[in-house]
Visitor: 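Pasting a structure here, questions to come.
Quick note: numbers below take in every heavy atom, side chains included, and nothing from hydrogens, waters or symmetry partners. All chains are named by letter (A, B, ...) in the order of the sequence lines, taking the proteins before the strands, and each is independently numbered beginning at 1. Remember, predicted model here, so these are calculated numbers, not experimental data.
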Amino acid sequence: MPPDEAMCPSSPSVVALFGATALGKSEVAGRLAERLHGEIVVADSMQVYRGLGIITNQPGEAELTRVRRHLVGYVAPQEEFTVARYARDAHETIDRLRAEGRAVVIEGGSGLYLRAALGDLEFAGGFDASLRRELERRWADDRDGVLLELQRRDPATAAVIDLLNPRRVIRALEAVILHGEALPAGTREALWRPPERYAHRLFALQPVTDAAVLTRRIERRVDDMLAAGALEEVARARAAGPLSRTARQAIGVQELCACLDGETSLAAAAARMKARTRALARRQATWMRKLPAVSLVPAGERDPEAVADEILGRIQ
RNA sequence: GGCGAGGUAGCUCAGUUGGUAGAGCACGCGACUGAAAAUCGCGGUGUCGACGGUUCAAUUCCGCCCCUCGCCA
């Protein structure tokens with residue numbers, strides 16, 4: 001903890017806000033930052049892409065002029081993005097804002113990114129697209145061979161990760177091959193409580209709205225995106241060059257590309273986007289339930305202003 | 001009206017040479033350290049269209065009826 005914080009523990013200058021999609025998180029964050037005279041750092045794996053503002057739900061003009069937001073729309077969608085890069089960018093931004101004496105509101109819906117911003121996650125090994133592709137091919141042909149190699153070269157990691165999950169296995173092996181040492185050693189407890197980089201208060205929006213109403217809201221959101229030109233947005237983005245693997249994971253990219261290529265109807269694309277968004281909101285709720293030291297704040301149908309007030313009240 | 005195809009989980013469908021059923025998606029819960037809006041794990045789904053017949057036993061075979069789709073009138 002930096003020394004200035006030790007001297008002034010009653011007014012933490014970093015407030016983090018986690019929340020699932022469609023709960024009004026960015027509006028709440030906007031008001032919080034305004035009251036605290038601070039700026040916002042977004043912790044969202046998809047809002048980083050430039051030119052995909054509609055489908056990734058980036059804040060509109062009104063929110064943007066209200067307060068400054070960082071780490072939104074600053075990466076070309078042709079570029080492959082990683083949490084490690086996000087962590088570097090976030091720390092740099094937060095450090096700078098604090099050096100300027102500004103309060104920081106970290107807002108996001110990507111659990112891992114939020115932890116990366118707040119803490120010091122240790123990222124082992126590098127990243128090599130061709131190696132990864134080769135390992136993927138090997139996994140498809142000879143799964144057992146890949147598992148055996150990981151067990152031989154890094155038994156400690158092999159004992160801890162989910163061996164049924166191809167992403168985890170491939171990443172672990174990739175890390176050993178590139179750096180000799182794989183994922184950071186440590187217990188699961190350590191994985192869950194990475195060293196905190198900033199003293200902060202963490203809040204999460206807990207839906208108090210009826211589940212059916214929330215679902216309807218999520219679905220309306222997709223309809224609104226389409227009405228706002230989501231299809232054209234995706235067409236424009238991919239016209240500038242093939243979209244990166246990570247950008248293609250954003251809800252709506254695959255679906256709307258299929259639609260542009262005449263493979264599916266717009267209605268089918270919309271249905272799939274809604275289903276994926278619902279599933280996302282569920283996984284976000286899982287994160288919300290287990291974030292360490294989190295204070296839950298009822299939200300949903302409440303006025304963002306009131307939610308922000310409640311959070312400010314709890315900070316005092 | 002005639003002929004053909006079909007009615008099985010919320011949806012799309014597979015299956016049972018007769019012993020009351022499954023896969024994907026959806027849904028619920030969970031995991032998560034360089035892909036995380038990703039990826040993976042666990043879980044329950046049900047008068048197998050209705051009624052009758054044959055049978056120890058029918059979702060499966062037979063009859064009849066209802067419904068859907070297609071073709072022909």
Side-chain angles (χ1 to χ4, degrees), chain A residues 18 20-22 42-49 52 55-58 75 77 79-90 108-129 131-133 135-136 139 157 160-179 181-195 211-212 215 218-219 221-222 225 243-256 268 271-292:
Chain A
F18 181 84
T21 185
V42 173
D44 188 297
S45 65
M46 294 299 154
Q47 288 194 12
V48 297
Y49 294 112
L52 290 177
I55 63 165
T56 66
N57 219 334
Q58 290 173 27
V75 177
E79 231 179 294
E80 193 144 340
F81 197 71
T82 70
V83 209
R85 171 159 170 215
Y86 173 80
R88 270 198 307 277
D89 294 347
S110 302
L112 181 61
Y113 279 52
L114 188 70
R115 292 209 303 152
L118 289 170
D120 281 308
L121 265 48
E122 290 174 48
F123 298 112
F127 170 77
D128 179 335
L131 173 62
R132 183 168 286 185
R133 222 162 296 131
L135 290 175
E136 276 169 353
W139 174 267
T157 299
V160 175
I161 64 165
D162 178 3
L163 297 176
L164 291 173
N165 190 331
R167 299 254 163 125
R168 300 273 144 72
V169 175
I170 289 169
R171 165 93 271 266
L173 188 51
E174 183 184 294
V176 201
I177 292 171
L178 290 171
H179 279 232
E181 178 80 20
L183 305 176
T187 61
R188 283 179 174 274
E189 182 59 22
L191 292 181
W192 259 104
R193 293 189 174 267
T215 298
I218 285 170
E219 299 189 338
R221 186 166 270 219
V222 171
M225 283 177 187
L243 299 177
S244 72
R245 198 169 175 158
T246 46
R248 261 181 282 146
Q249 294 174 344
I251 292 171
V253 172
Q254 283 174 46
E255 291 83 358
L256 295 175
R272 191 83 261 285
M273 287 168 69
K274 288 172 184 178
R276 281 184 70 192
T277 308
R278 275 182 262 129
L280 167 65
R282 256 180 273 132
R283 270 175 284 129
Q284 288 174 315
T286 304
W287 273 96
M288 179 200 77
R289 285 179 207 114
K290 71 173 290 187
L291 282 170

Visitor: Rounded to whole angstrom, note down the P distance from B/rU16 over to B/rA23.
Guide: 15 Å
Visitor: A side-chain contact here means heavy atoms from C-beta on lying under 4.5 Å apart; do A/Leu280 and A/Gln284 qualify?
Guide: yes
Visitor: Rounded to the nearest 0.5 Å, what's the gap from CZ on A/Arg283 to OG1 on A/Thr21? Could you check?
Guide: 11.5 Å
Visitor: Could you state the NZ-C1' distance from A/Lys274 to B/rC27, rounded to the nearest angstrom?
Guide: 17 Å
Visitor: Counting side-chain heavy atoms from C-beta on, which of B/rA31, B/rG41, B/rG34 comes nearest to A/Thr286?
Guide: B/rA31
Visitor: Taking the side chain of A/Thr82 as heavy atoms from C-beta outward, which of B/rG34, B/rC25, B/rU33 is closest to it?
Guide: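 Of B/rG34, B/rC25, B/rU33, B/rG34 is nearest to the side chain of A/Thr82.
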Visitor: Check every atom of B/rA36, B/rC40, B/rA37 against the side chain of A/Ile251 and return the nucleotide holding the closest atom.
Guide: B/rA37
Visitor: Give me the one residue out of A/Arg248, A/Gln249, A/Gln254 that meets side-chain contact (heavy atoms from CB on, under 4.5 Å) with A/Leu243.
Guide: A/Arg248
Visitor: When the ring planes of A/Tyr113 and A/Tyr86 are compared, do they come out parallel, tilted or perpendicular, using 30° and 60° as the limits?
Guide: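 Because their plane-to-plane angle lies in the 30° to 60° range, the rings of A/Tyr113 and A/Tyr86 count as tilted.
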Visitor: Which dot-bracket notation, 5' to 3', represents the base pairing of RNA chain B when pairs are defined as Watson-Crick or G-U with both distances under 3.5 Å, crossing pairs as [ ], and inter-strand pairs as |?
Guide: (((((((..((((.....[..)))).(((((.......))))).....(.(((..]....))).)))))))).
Visitor: Could you work out the separation of B/rA14 and B/rG53 based on their C1' atoms and round it to a whole Å?
Guide: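 That atom pair is separated by 29 Å.
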Visitor: When you get a sec, tell me which of B/rC32, B/rG34, B/rA37 is the closest nucleotide to the side chain of A/Arg283?
Guide: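 Nucleotide nearest to A/Arg283's side chain: B/rA37.
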Visitor: Expressed in whole Å, how much space separates the C1' atoms belonging to B/rA58 and B/rU47?
Guide: 14 Å
Visitor: Please state whether the phosphate of B/rA26, meaning OP1 or OP2, lies under 4.0 angstrom from any side-chain nitrogen or oxygen of A/Arg272.
Guide: yes
Visitor: Take atom C1' in B/rU20 and the same atom in B/rC48, then report the distance between them in whole Å.
Guide: 9 Å
Visitor: Rounding to an integer number of angstrom, what distance separates B/rG10 and B/rA73 when you compare their P atoms?
Guide: 40 Å
Visitor: Between the base of B/rA37 and the side chain of A/Arg276, is there any donor-acceptor pair under 3.5 Å?
Guide: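 There is none.
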Visitor: Among the candidates B/rA35, B/rU33, B/rA36, find the nucleotide nearest to the side-chain atoms of A/Glu122.
Guide: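 Taking heavy atoms from C-beta onward, the closest nucleotide is B/rU33.
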Visitor: Of the listed nucleotides (B/rA36, B/rA37, B/rG28), which one gets closest to any side-chain atom of A/Leu112?
Guide: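 Of the options given, the side chain of A/Leu112 lies nearest B/rA36.
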Visitor: Go through B/rU39, B/rA31, B/rA36 for me and flag the one nearest to the A/Gln249 side chain.
Guide: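 Side chain of A/Gln249 sits closest to B/rA36.
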Visitor: Please tell me if A/Lys290 has a side-chain N or O lying less than 4.0 Å from either OP1 or OP2 of B/rA31.
Guide: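 Result: yes.
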Visitor: Mapping A/Arg85 and A/Leu164 to their closest nucleotides on RNA chain B, which lands nearer the 5' end?
Guide: A/Arg85
Visitor: Ignoring hydrogens and geometry beyond distance, is the side chain of A/Glu136 in donor-acceptor contact with the base of B/rA35 at under 3.5 Å?
Guide: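 It does, because a donor-acceptor pair links the side chain of A/Glu136 to the base of B/rA35 below 3.5 Å.
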Visitor: Using atom C1' of each nucleotide, how far apart are B/rU60 and B/rG15 to the nearest Å?
Guide: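 To the nearest whole Å, 10 Å.
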Visitor: Within less than 4.0 Å of OP1 or OP2 of B/rA37, is there a side-chain N or O belonging to A/Gln284?
Guide: no
Visitor: In whole Å, what separates the C1' atom of B/rC69 from that of B/rA31?
Guide: 45 Å
Visitor: Would you say a side-chain N or O of A/Arg168 is under 4.0 Å from OP1 or OP2 of B/rC32?
Guide: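 Negative; the distance criterion is not met.
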Visitor: Give a yes or no on whether the backbone of A/Ala247 and the side-chain of A/Glu79 come within a donor-acceptor separation of less than 3.5 Å.
Guide: no
Visitor: Within the structure shown, what part of the strands sits under 4.0 Å from A/Thr56 by heavy-atom distance: base, sugar-phosphate, or nothing?
Guide: base
Visitor: Output yes when at least one side-chain N/O atom of A/Arg278 is less than 4.0 Å from OP1 or OP2 of B/rA37, else no.
Guide: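 For B/rA37, neither OP1 nor OP2 has a side-chain N or O of A/Arg278 closer than 4.0 Å.
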Visitor: Roughly how far apart are A/Glu80 CD and A/Thr246 OG1, rounded to 0.5 Å?
Guide: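 Reported to 0.5 Å precision, the distance equals 5.0 Å.
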Visitor: I'd like to know if the side chain of A/Ser110 reaches the main chain of A/Ser45, judged simply by a donor and an acceptor atom lying under 3.5 Å from each other, with no hydrogens or angles considered.
Guide: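 Looks like yes, one N/O pair under 3.5 Å.
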Visitor: Base, sugar-phosphate or nothing for A/Glu255? Non-hydrogen atoms, less than 4.0 Å.
Guide: nothing
Visitor: Show, in sequence, the C-alpha distance, side-chain angles and deciding distance for A/Arg85 and A/Val75, and conclude whether the side chain to side chain contact (heavy atoms under 4.5 Å, CB included) test is met.
Guide: CA-CA 11 Å; A/Arg85 171 159 170 215; A/Val75 177; 4.0 Å; yes
Visitor: Looking at A/Tyr86, I'd like to know whether one of its side-chain N or O atoms comes within less than 4.0 Å of OP1 or OP2 on B/rG34.
Guide: no
Visitor: For B/rA36, take OP1 and OP2 only and decide whether either is under 4.0 Å from a side-chain N or O of A/Ser110.
Guide: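 False: A/Ser110 side-chain N/O out of range (4.0 Å or more) of B/rA36 OP1/OP2.
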Visitor: Would you say that A/Ile55 contacts A/Ile251 through its side chain, given a criterion of any heavy-atom pair below 4.5 Å between the two side chains?
Guide: no
Visitor: Could you state the CG-P distance from A/Leu118 to B/rU33, rounded to the nearest angstrom?
Guide: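 My rounded result for the distance is 17 Å.
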Visitor: Could you tell me whether A/Arg132 and A/Glu174 have a side-chain N and a carboxylate O separated by less than 4.0 Å?
Guide: yes
Visitor: In whole angstrom, give me the gap between the C1' atoms of B/rG43 and B/rC25.
Guide: 16 Å
Visitor: Considering only B/rA35, B/rA37, B/rU33, which nucleotide approaches the side chain of A/Leu121 most closely?
Guide: B/rU33
Visitor: Which listed nucleotide (B/rA36, B/rU39, B/rG34) is nearest to the side chain of A/Arg171?
Guide: B/rG34
Visitor: Hey, does the side chain of A/Arg289 come within less than 4.0 Å of B/rC29's phosphate (OP1/OP2), counting only N and O?
Guide: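 So the side-chain polar atoms of A/Arg289 do come within 4.0 Å of the phosphate oxygens OP1 or OP2 of B/rC29, strictly under.
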